[in-house]
Amino acid sequence: MYAPRTTPWPLVALFTAGYLAPYLLPTTVGRLERGLDLTPTQAGAVGSLLLLSSATAGFLLASRVERTGARTLARLGLVLAAVGYGGAALTTSVPAVVAGAVVGGFGSGTATTVAATRIAAEKDPHRASTLGLLSVSALAGAVYLTVPHLPGHGLTLAAIALTALAVWPLTGRLPGGRAGTAGQAAVEPAEADGSGAGRLPHRRSGMVLAGAMLLWSLAQNALWGVSGRIGVGQAGLSEPTVGVVFAVALGAGLLGVLGAGALGSRLGRALPIGGGTVVIACCIALSASATGLGSFASGEIAWNTFYPVVLSYLIGLAASLDPRGRWAVLVGSASALGTAAGPLTGSVLSAQAGFPVMGAVLAVGLVLVAVPMTGVALHAGGRALLPGAVRRRGGHPAAVLAATTGTPSGVVPEVGAPEQPVVEIPLDGTAVAAQGAYDTAAATRAPGAM
């Protein structure tokens with residue numbers, strides 16, 4: 001039997017609060033440029049500092065969530081996000097805006113770290129991450145429809161701060177201290193006997209996935225950071241029209257996330273990650289070479305439809321490498337580094353070779369990066385996203401528990417294998433034991449002694 005599946009709404013909300021800043025990066029940078037009279041390079045640098053601060057939080061806190069407590073760290077992150085982004089939204093002093101963006105970015109990274117760690121401990125991390133992406137896509141789409149009609153440099157920053165405040169009440173449902181999860185319960189006994197199961201597992205696969213995710217995110221955000229310039233400068237569209245295209249694209253992303261949730265485990269992870277990345281590469285090439293509304297909208301909408309689908313499977317793959325969520329956090333932080341470097345990369349490539357050549361370079365790079373990511377999805381251990389995985393009641397697949405507690409692998413079905421039928425063996429009769437076959441137990445008697 002399977003335990004009833006519940007929706008981890010506090011984690012979904014925390015995921016939304018942490019991921020909202022990267023989703024709003026283009027409009028945040030554009031607003032800072034126009035509202036504070038910054039150059040494109042200066043405004044982009046502020047956005048990069050924000051994302052670098054977020055990534056730093058992930059690297060620093062990846063192994064501290066269990067020790068400090070998810071509730072404590074989540075509240076700390078939300079406070080930093082509210083204070084940092086809120087302060088930056090209320091001032092026109094450039095140094096104060098930069099400081100607020102850095103503080104807020106660290107808060108976003110802290111919230112994302114806690115959400116990723118706890119989602120990895122869920123019985124269905126793919127479902128939880130899909131719901132998180134659905135939530136953040138919907139909220140970001142609403143902001144993109146609202147912001148172009150209102151003045152001010154700090155509207156997107158204020159939206160992120162208000163989201164952090166709204167999520168705060170839900171943190172009371174998160175565990176404090178070293179409250180265990182199903183994943184921890186499987187690991188901690190092994191640590192007690194010195195088996196070393198507490199060390200970071202699947203290091204080679206995790207490192208490959210982290211490096212690939214850095215490049216994958218860099219390519220995505222190299223285009224995302226200059227998409228507004230492509231729409232206005234190359235495709236000849238007005239800024240409100242470009243904003244509508246972005247909102248529609250994020251709306252299409254909602255459909256993509258819903259599709260990923262409906263698809264679930266039917267195709268495993270390798271095909272959605274590898275095939276989806278190739279499709280994204282084609283979309284990036286199309287968008288970067290757009291010369292009108294049709295081609296620009298088609299590329300952006302198709303790209304934003306597939307991007308969250310692939311991202312949800314990548315998050316699930318990282319979560320499967322370690323039930324404690326450490327790889328999920330480290331891979332997410334590597335992705336944040338790529339996100340931070342993306343706008344600068346896109347600006348340099350487009351300035352040197354033009355938008356179409358930039359798109360072609362990014363597309364080829366994505367196809368190459370798809371190979372190691374698909375390899376990790378095919379060969380890495382951990383919770384497989386396959387139907388029929390053998391589970392204990394309310395816990396993780398039995399094969400994962402065996403890998404962490406020292407159970408002989410021969411007695412545990414292979415992960416993803418179909419469950420074996422139970423066969424009744426009829427007995428002709430019940431043997432009646434003779435009284436002489438039993439004796440009193442004695443602690444000093446050796447086994448087998450008469």
Side-chain angles (χ1 to χ4, degrees), residues 21-55 94 97-98 101 105 144 148 153 156 213-243 245-246 249 277 280-300 302-304 307 334-369:
Y23 265 68
L24 296 179
L25 183 64
T27 186
T28 299
V29 171
R31 284 278 166 159
L32 291 177
E33 177 185 346
R34 292 186 295 272
L36 300 179
D37 293 327
L38 301 178
T39 66
T41 302
Q42 291 172 335
V46 175
S48 294
L49 285 174
L50 186 158
L51 295 174
L52 285 173
S53 180
S54 179
V94 174
V97 170
V98 173
Y144 274 114
H153 76 279
T156 53
M213 274 294 288
L214 188 153
L215 298 175
W216 189 86
S217 296
L218 185 149
Q220 311 291 329
N221 287 277
L223 178 65
W224 187 236
V226 298
S227 287
R229 290 164 53 194
I230 294 175
V232 174
Q234 181 172 281
L237 308 177
S238 65
E239 184 181 349
T241 302
V242 172
V245 171
F246 285 161
T277 298
I280 289 174
C282 296
C283 295
I284 286 179
L286 173 62
S287 182
S289 61
T291 56
L293 175 61
S295 55
F296 179 74
S298 298
E300 292 288 328
W303 172 37
N304 281 277
Y307 167 78
S335 174
L337 288 177
T339 299
L344 179 60
T345 302
S347 297
V348 171
L349 285 175
S350 60
Q352 296 296 323
F355 292 122
V357 174
M358 177 204 71
V361 171
L362 295 177
V364 172
L366 277 176
V367 172
L368 295 177
V369 168

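This is a predicted model, so every value here is computed, not measured.
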Thr345 side chain to Ala341 main-chain N or O, any donor-acceptor pair under 3.5 Å? yes
Partners of Val29 by side-chain contact (heavy atoms from CB on, under 4.5 Å), sequence neighbours excluded? Leu25, Ala43
Please report the closest heavy-atom contact between Ala249 and Asn304, naming both atoms and the distance. O-CB, 3.3 Å
May I have the step-by-step check of side-chain contact (heavy atoms from CB on, under 4.5 Å) for Leu286 and Ser298, ending in yes or no? CA-CA 8 Å; Leu286 173 62; Ser298 298; 4.2 Å; yes
Any residue meeting ring-ring contact (aromatic ring centres under 6.0 Å, His included) with Trp216, in chain and number order, not counting sequence neighbours: Tyr307
Val369 side chain near Thr277 side chain, heavy-atom distance below 4.5 Å: no
Separation between SG (Cys283) and CG (Leu366), nearest 0.5 Å, reads 10.5 Å
Taking atom OG1 of Thr339 and atom CE of Met213, what is their separation to the nearest 0.5 Å? 8.0 Å
Mind running side-chain hydrogen bond (donor to acceptor under 3.5 Å, both in side chains) on Thr27 and Thr156 for me, showing each step along the way? CA-CA 7 Å; Thr27 186; Thr156 53; 5.3 Å; no
State the CG-CG distance between Leu223 and Leu218, to the nearest 0.5 angstrom. 11.5 Å
Look up atom CG in Leu215 and atom CG in Leu337, then write down how far apart they are to the nearest 0.5 Å. 11.0 Å
Between Leu362 and Gln220, is any pair of side-chain heavy atoms under 4.5 Å apart? no
So do the side chains of Met358 and Val226 get within less than 4.5 Å of each other, counting heavy atoms only? yes
What one should report as the nearest heavy-atom pair of Ile284 and Ala219 is CD1-O, 4.2 Å
Ring pair (Phe, Tyr, Trp, His ring centres under 6.0 Å): pairs with one or both residues in residues 334-361, sequence neighbours excluded: none
Report the distance from atom CD of Glu33 to atom NE2 of His153, rounding to the nearest 0.5 Å. 14.0 Å
Evaluate the side-chain proximity of Pro22 to Leu51: yes if any heavy-atom separation is below 4.5 Å, no if none is. yes
Apply side-chain contact (heavy atoms from CB on, under 4.5 Å) to Leu237 and list each qualifying residue two or more places apart in sequence or on a separate chain. Ala235, Thr241, Val242, Leu293, Phe296
Do you know the tightest heavy-atom contact between Gly292 and Ser295? O-OG, 3.4 Å
Between CH2 of Trp303 and CD1 of Ile280, what distance do you get to the nearest 0.5 Å? 9.0 Å
Excluding sequence neighbours, so at least two apart, what forms ring-ring contact (aromatic ring centres under 6.0 Å, His included) with Tyr23? none
Which pair of heavy atoms, one from Gly359 and one from Ala288, lies closest together, and at what distance? CA-CB, 3.5 Å
Considering only residues two or more places apart or on different chains, which pairs with a residue in residues 281-291 satisfy side-chain hydrogen bond (donor to acceptor under 3.5 Å, both in side chains)? Ser287-Glu300
Show your working on side-chain contact (heavy atoms from CB on, under 4.5 Å) between Leu349 and Val357 and close with a plain yes or no. CA-CA 8 Å; Leu349 285 175; Val357 174; over 6 Å; no
